[in-house]
Amino acid sequence: LGYDGARDCYVLGGAGASIWIDKDSYQVARVDLADGTKLRFLAWAASSGALLPSRIEIETPALTFQLELTNAAPATPAADAFADAWLLAH
């Protein structure tokens, strides 16, 4: 277990990269990348029938910034959007 802000989390991974899962809600709380970058997923809310983080905080070794999700809509990809050639890079 790990503690991230106000949440207890399950931490999967090691000293390099890891993913933090909120112990109570099972939502992704944080992703730590091997280069030291940390992504925090904050203020989860329902949007267009999906539960999404309304704010993503990105902390790099050099700077910190935030992305705000203000709107979401479902996408309907074409039937061949995920064809074998695309998935397997053919």
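Numbers here are sequence positions counted from 1.
Considering every non-hydrogen atom in both L51 and A46, the closest pair reads CD1-N, 3.7 Å. Nearest heavy-atom pair across S18 and G14 is CB-O, 4.1 Å.
The pair R30-D4 meets the salt-bridge criterion, with a side-chain N (NZ, NE, NH1 or NH2) lying under 4.0 Å from an Asp/Glu carboxylate O.
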Next on the checklist: Under the criterion side chain to side chain contact (heavy atoms under 4.5 Å, CB included), I'd like the reasoning laid out for V28 against I19: C-alpha separation, chi angles, the key distance, then a yes or no.
Outcome noted: CA-CA 7 Å; V28 175; I19 184 167; 4.2 Å; yes
Next on the checklist: Evaluate S47 against L52 for side chain to side chain contact (heavy atoms under 4.5 Å, CB included), listing each step before the verdict.
Outcome noted: CA-CA 7 Å; S47 180; L52 302 168; 4.2 Å; yes
Next on the checklist: Could you go through I58 and T37, starting from their C-alpha distance and side-chain angles, then the distance that decides it, and tell me whether this counts as side chain to side chain contact (heavy atoms under 4.5 Å, CB included)?
Outcome noted: CA-CA 7 Å; I58 303 169; T37 299; 4.1 Å; yes
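The main-chain N or O of L12 is never found under 3.5 Å from a side-chain atom of Y10 such that the two would form a donor-acceptor pair. Of the possible donor and acceptor atoms, one in the side chain of S54 sits under 3.5 Å from a partner among the backbone N and O of A43.
Between K38 atom NZ and W20 atom CH2 the span is 8.0 Å, to the nearest 0.5 Å. If you take CG on D8 and CG on D24, they are separated by 7.5 Å, rounding to the nearest 0.5 Å. With rounding to the nearest 0.5 angstrom, the CD atom of Q66 is 5.0 Å from the CZ atom of R55.
Donor-acceptor pairing under 3.5 Å is recorded for the side chains of Q27 and S25.
Counting only heavy atoms from C-beta outward, the side chains of E59 and R40 approach each other to under 4.5 Å.
In the hydrophobic clustering of this structure, W44 groups with I21; members are Ile, Leu, Val, Met, Phe, Trp, Tyr whose side-chain heavy atoms approach within less than 4.5 Å, directly or through other members.
A side chain to side chain contact (heavy atoms under 4.5 Å, CB included) with L39 is found for one member of D32, V31, L67 and no other, namely V31.
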